[in-house]
Colleague: 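Just dropping this structure here.
Just so it is clear: chains get the letters A, B, ... in the order the sequence lines come, proteins before strands, and each one is counted from 1.
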Amino acid sequence: MKKTAKKRPTDEFSTLLLKWNKEKNTRDMPWKGEKDPYRIWLSEIILQQTRVEQGLAYYERFIAKFPTIKDLAAAPDTTVFKLWEGLGYYSRCRNLLVTARYISSDLNGVFPDTYDDIRALKGIGPYTASAISSFAYNLPHAVVDGNVFRVLSRIFGILTPIDSTEGKKYFTELADELLDKKNPGLYNQAIMDFGAVVCKPALPLCPTCVYNKDCYAYLEHKVNELPVKEKKTSIKKRWFYYLLIEHKGKLAIRQRTGKDIWNQLYEFPVIETTAEQETAALIDMAEQQEWIIPDKYSLSFVSPLFKQQLSHQLIAGRFISIKADRSGKLPAGAAWVSKKEMAEYPFPKFINQFLEKRDAIDQTLF
DNA sequence: AATCCGGGGTA
DNA sequence: TACCCAGGATT
């Protein structure tokens, strides 16, 4: 039996972390200790840029409806998007389907078990590949997520911006050095729990923290300045005027396509502008589009102003209800659906918040 | 290297 | 409001 290697400075970090984890960490989550790579993968995709509290219910619903990756792979797109509805970042859902179908068909349902093969899957980047390979297969890859950036920058006093190329490289290398190579899964889980519970973004629990005797940020009173981020988000305003065109008891909807927000979700025919518009001007535009035919419709309702704040955009707009006696042209790909059928389609939050209030606003609306 | 992609919680 | 969250893809 070889003697233990000489203790390096960085060993102290993981020793304290695992000690905290064993003695103080009471955080419990359904995927903790999970070994089924499908469940681990699903939880990680759901949790990308998403708080545990927000993603939890989605995870439970997905597992209940799709117990195995083949169940997920066999589901229609719309069914899966409907289950994802409201969670945001819908490209995750698209990539989830692509990967589920690839593994089911090409890999006979067997999840890849090396870091590189996992990393190559759609929707899986460095973080998720490290998480899956360490949790499912105990491979020595350190996770670097928002928690890790925060914990390491504060304790070690790293001032390099975390959203710079240099910063990402530096933090990744440090994280891999610090990783307990014998317990990668346990270590990775512990550091993220620690960041979420103790070394929180706001009001971290420094007075009782196991690192407070030598934490750079705590000793230098820079806890609130770390981690450093260099880019500020700029927000642009967009106006969405949705036309609820009703004809023979049905409403026109279409699927969003392209590279814009809410790709693959559904919506009503929309007139988008960069400034607020009067209803009359919008009706004119709808006539010019030939969505409605002059004298063959009646304007029945204009909603109050609705707003939604996204990360990089502020969406404002109204819902304009029109009863059409004759059907005009519709936007490409649009179809007529009944109220009952509407429930099957995934809509963005902006539309759902209107649909939920619709009955309270006007009982006569579709 | 910069930008885009949601929705919700918190101070 | 501004910032952050178990990030990744695209340009």
Colleague: When rounded to the nearest Å, what value does the distance between P atoms of C:dT10 and B:dG6 take?
Modeller: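 To the nearest whole Å, 14 Å.
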Colleague: From the options C:dC5, C:dA6, B:dG8, select the nucleotide whose nearest atom is closest to the side chain of A:Q189.
Modeller: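 Nearest to the side chain of A:Q189 among the choices is C:dA6.
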Colleague: Does A:F306 have its ring centroid less than 6.0 Å away from the ring centroid of A:F319?
Modeller: yes
Colleague: Assign A:G55 to base, sugar-phosphate, or nothing according to its heavy-atom contacts below 4.0 angstrom with the strands shown.
Modeller: nothing
Colleague: To the nearest Å, how far apart are A:L310 CG and C:dC4 P?
Modeller: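 One finds 18 Å between P of C:dC4 and CG of A:L310, rounded.
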Colleague: Using the side-chain heavy atoms of A:K231, tell me which of these nucleotides is nearest: B:dA2, B:dC5, C:dT11.
Modeller: B:dA2
Colleague: Return the nearest nucleotide to the side chain of A:L203; candidates are B:dA11, C:dC4, C:dA6.
Modeller: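 Of the options given, the side chain of A:L203 lies nearest B:dA11.
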Colleague: So, is A:Y89 close to the C:dA9 phosphate, meaning a side-chain N or O under 4.0 Å from OP1 or OP2?
Modeller: no
Colleague: Let me know the distance between CD of A:E230 and P of B:dT3, rounded to the nearest Å.
Modeller: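 After rounding, the reported distance stands at 11 Å.
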Colleague: So, is A:W262 near the phosphate of B:dG7, with a side-chain N or O under 4.0 Å from OP1 or OP2?
Modeller: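 For A:W262, the contact criterion (side-chain N or O under 4.0 Å from OP1 or OP2 of B:dG7) is met.
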Colleague: Identify, between A:T50 and A:E53, the residue whose nearest nucleotide on DNA chain B lies closer to the 5' end.
Modeller: A:T50
Colleague: Within less than 4.0 Å of OP1 or OP2 of B:dG8, is there a side-chain N or O belonging to A:K349?
Modeller: yes
Colleague: Kindly point out which of B:dA11, C:dG7, C:dC4 is positioned nearest to the side chain of A:A202?
Modeller: B:dA11
Colleague: Do you know which of A:Q308, A:R238, A:K236 makes side-chain hydrogen bond (donor to acceptor under 3.5 Å, both in side chains) with A:Q313?
Modeller: A:R238
Colleague: Any donor-acceptor pair under 3.5 Å linking the side chain of A:N188 with the backbone of A:A142?
Modeller: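 Looks like no, no N/O pair under 3.5 Å.
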Colleague: Do A:F13 and A:F156 have ring centroids that are under 6.0 Å from one another?
Modeller: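 Yes, the ring of A:F156 comes within the 6.0 Å limit of the ring of A:F13, centre to centre.
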Colleague: Would one find a side-chain N or O of A:Q49 under 4.0 angstrom from OP1 or OP2 of C:dG7?
Modeller: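 Indeed, a polar side-chain atom of A:Q49 lies that close.
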Colleague: Kindly say whether the aromatic ring centers of A:F240 and A:W262 come within a distance under 6.0 Å.
Modeller: yes
Colleague: Centre-to-centre under 6.0 Å for A:W20 and A:F194, is that the case here?
Modeller: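 Yes, they do, as the ring centres are separated by less than 6.0 Å.
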Colleague: Select base, sugar-phosphate, or nothing to describe what A:R94 touches, counting heavy atoms under 4.0 Å on all strands.
Modeller: nothing
Colleague: Just call it for A:N188: base, sugar-phosphate, or nothing, with non-hydrogen atoms closer than 4.0 Å on any strand.
Modeller: nothing
Colleague: For B:dC4, does either OP1 or OP2 sit under 4.0 Å from a side-chain N or O belonging to A:S311?
Modeller: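 False: A:S311 side-chain N/O out of range (4.0 Å or more) of B:dC4 OP1/OP2.
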Colleague: How would you label the contact of A:W84 with the nucleic acid (heavy atoms, under 4.0 Å): base, sugar-phosphate, or nothing?
Modeller: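 The answer is nothing, as A:W84 stays clear of every strand by at least 4.0 Å.
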Colleague: Using a cut-off of less than 4.0 Å, is there contact between a side-chain N or O of A:R150 and OP1 or OP2 of C:dC5?
Modeller: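 Yes.
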Colleague: With a 4.0 Å limit, can you tell me whether A:Q308 has a side-chain N or O closer than that to the phosphate oxygens OP1/OP2 of B:dG6?
Modeller: no
Colleague: Between B:dC4 atom P and A:R92 atom CZ, what is the distance in whole Å?
Modeller: 19 Å
Colleague: Which of the following nucleotides, C:dC4, B:dG7, C:dA6, is nearest to the side chain of A:R51?
Modeller: C:dC4
Colleague: For the side chain of A:H312, counting heavy atoms from C-beta on, which of B:dC4, C:dG7, C:dC4 is nearest?
Modeller: B:dC4
